[in-house]
Each structure stands twice: as structure tokens, then as C-alpha cells.
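Report on the following structure.
Each ligand, and each atom within it, is numbered from 1 in the order the structure gives.
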Amino acid sequence: MRILKGKSVVEMTDLNEVLEGFESVIVDIGTGNGRFVYKHAQSNKNNFYIGVDPAAENMMEYASKIIKKPKKGGLNNALYVICGAEELPEEIYSKADKIYINLPWGSLLEGVVKGNDVILENIVKVAKSSQASLEIWFTYNNLHEAGEMSRRELPALSVEYIKDTLVPIYNASGIEINDIEIVTNEELKEFDTQWSKRLGFGRAREVYRIKAVIRK
Ligand SMILES: C[S@@+](CC[C@H](N)C(=O)[O-])C[C@H]1O[C@@H](n2cnc3c(N)ncnc32)[C@H](O)[C@@H]1O
């Protein structure tokens, strides 16, 4: 699989060796600049964090930090993989104890809110054998993203839409949604991703968070 080593793109094959000895593996799909992965890896040294995003350039700042010496912010428990959710590499199959998708846009957002088969299957493939968990934060509305909603034919978001439409689709893929919430701006600020901060300090808007267990 293609990963970032600083600003260079390199092939990595020996992920199993790298993950040896860590308690849990957390995968962040659509990681953006990778801040979430870096911050969590920094404060949870027993866990290994993998950020995944097709936009390599956006991950370069944090990918460069992790290869520094430890006292300069370097980490041995984080990794940035270049790829889209539609084509997750086999090397990360069956590795994740927890999967996050934080404030996606584009095809990832569309896949999540329509329950696209390929995206859901790939989430399940990445999950460890059973009881892995999934957390997705997402938002859009007619006021701010009308163009994207119409271009991608996105449904209006509501708790009812998630309950009535997404829960059964996810369930059929082995993903059991057990919690649906609308989060506050305060929670967004505390969540501490690049976009949660951006949105959290902006105007109040409805941001949905679903939590699920993956059965396989
Ligand atoms: C609004 S940003 C959020 C980034 C980060 N999760 C955060 O909370 O700051 C959306 C991210 O989704 C990524 N994305 C879009 N389509 C994707 C796909 N098909 N697979 C993986 N990531 C995707 C984009 O490259 C972008 O980095």
C-alpha cells in the first residue's frame, strides 16, 4: 500500500510487524490533514492510528511530524495511507478495533449517507473480526451545501432518515447502528479535528453522529 514517509510516497508491505505489541488499532478514513490521528497517537501511545485519505498533500504536514525524533514530536504509532475508501488496501483488512469517518465530503460523504455497498463492505473488511466499532460524524444542509446536495442527489438529513433508511442498509452489511445523535458546537470544538474546529467555531448547524458495532 502507498503511505507517506514525510513528504515522500513509498510502498509499505510489512504492516503486521509495525502493529505488533499495540493494544488497539484505530483507522480514520478521510483523515484530511491527519490532525486527529496525530493528536490521538500522541496521547495514546499503546494504540496505533492509521489515517487514510486520497489527498496525499493534505497529510504531508503531520506525516512529516511523525518521522521526527520523539522529542521533536516524532511518533512510532501513527501512519498515513494514501487511498480512497472505495479501494482500501488489503494490508489494513481485519486490523481496526475502531473506525472513524469524521466530517467527510465528496464521494465518502455520499457513500456514507446513501449506504453505498462498496464503502460499507470496505469498512467491514477493515474491521477486526468482531465487535469493532464505527463512529461517523457528518453534516450538510440546504443553506450551505445546496449545490453539493443537488449534484450528488443527497437526501435531507434527519434522525428519521437515519433510523428508517440507513439503519436497515447498514444492518444488511453487518454494521449495527446503536446510537444516533445531533452534536453541539461545543462537542465539535472538543473533538479536535481540523474540520470539527472549523465548524464548531462557525454558525450552529446540525451535525449528526452515528455509532455502530461491526459484526463479521
Ligand atoms: C471535510 S474533510 C474532513 C477531514 C478530517 N476528517 C477532519 O475532520 O478534519 C473531508 C475529507 O474527506 C476526504 N475524502 C473525500 N472522498 C473520499 C473518499 N472517497 N475516500 C476517502 N477520503 C475521502 C477528503 O479528501 C477530505 O480530506
- With atoms numbered from 1 as shown, which atoms in ligand 1 lie under 4.0 angstrom from a non-hydrogen atom of Leu103? 1 (C), 2 (S), 3 (C), 10 (C)
- Query: What part of Glu86 sits under 4.0 Å from ligand 1 if we count only heavy atoms: the side chain, the backbone, both or neither?
  - Reply: side chain
- Message: Using a strict threshold of under 4.0 Å (side-chain N to carboxylate O), is an ion pair present between Glu160 and Lys163?
- Response: no
- Query: Would you say ligand 1 has an N or O under 3.5 Å from any N or O of Thr193?
  - Reply: yes
- Note: His144 and Asn141 closest approach over all heavy atoms is N-OD1, 2.8 Å
- Item | Taking atom 15 (C) of ligand 1 as the reference point, the nearest protein heavy atom with its distance | Trp105 O, 3.2 Å
- Message: Any donor-acceptor pair under 3.5 Å linking the side-chain atoms of Glu110 with those of Ser107?
- Response: no
- Task: State the atoms of ligand 1, each with its element, that fall below the 4.0 Å cut-off from a heavy-atom position in Gly84.
- Result: 20 (N), 21 (C)
- Phe36 vs Tyr100 aromatic rings, parallel, tilted or perpendicular, using cut-offs 30° and 60°? perpendicular
- In terms of its nearest heavy atom to atom 17 (C) of ligand 1, the top option of Asn122, Val37, Leu108, Leu109 is Leu108
- Task: Mind telling me whether Tyr49 and His40 have parallel, tilted or perpendicular rings, with 30° and 60° as the class edges?
- Result: tilted
- Looking at Ala41 and Ala78, what are the two nearest heavy atoms and their distance? CB-CB, 3.9 Å
- Regarding Asn16 and Lys95, is there a side-chain donor-to-acceptor distance under 3.5 Å anywhere? yes
- Message: Is it the case that over 12 heavy atoms from other parts of the model lie below 6.0 angstrom from the NZ atom of Lys5?
- Response: no
- Item | Contact check: Ser196 vs ligand 1, nitrogen or oxygen atoms, below 3.5 angstrom | no
- Task: Mark up the atoms of ligand 1 that fall under 4.0 Å of a heavy atom belonging to Trp195, in ascending order.
- Result: 1 (C), 2 (S), 3 (C), 4 (C), 7 (C), 8 (O), 9 (O)
- Looking at ligand 1, does Asn58 have a heavy atom less than 4.0 Å from it? no
- Item | Heavy-atom closest contact (Leu103 atom, Trp195 atom, distance) | CD1-C, 3.7 Å
- Is Met59 reachable from Phe48 through a run of hydrophobic residues whose side-chain heavy atoms are each under 4.5 Å from the next? no
- Task: Would you mind listing which atoms of ligand 1 come within a distance below 4.0 Å of any non-hydrogen atom of Gln194?
- Result: 9 (O)
- Query: Heavy-atom contacts under 4.0 Å between Thr31 and ligand 1: side chain, backbone, both, or neither?
  - Reply: backbone
- Numbered atoms and elements of ligand 1 in range of Asn102, under 4.0 angstrom, heavy atoms: 3 (C), 5 (C), 6 (N), 8 (O)
- Message: Among all the protein's non-hydrogen atoms, which is closest to atom 13 (C) of ligand 1, and how far away is it?
- Response: Asp53 OD2, 3.4 Å
- Query: At a 4.0 Å threshold, what atoms of ligand 1 neighbour a non-hydrogen atom of Ala85?
  - Reply: 18 (C), 19 (N), 20 (N), 21 (C)
- Query: Would you say Gly30 and ligand 1 have an N/O pair spaced under 3.5 Å apart?
  - Reply: yes
- Query: Is the closest N or O pair between Asp28 and ligand 1 shorter than 3.5 Å?
  - Reply: no
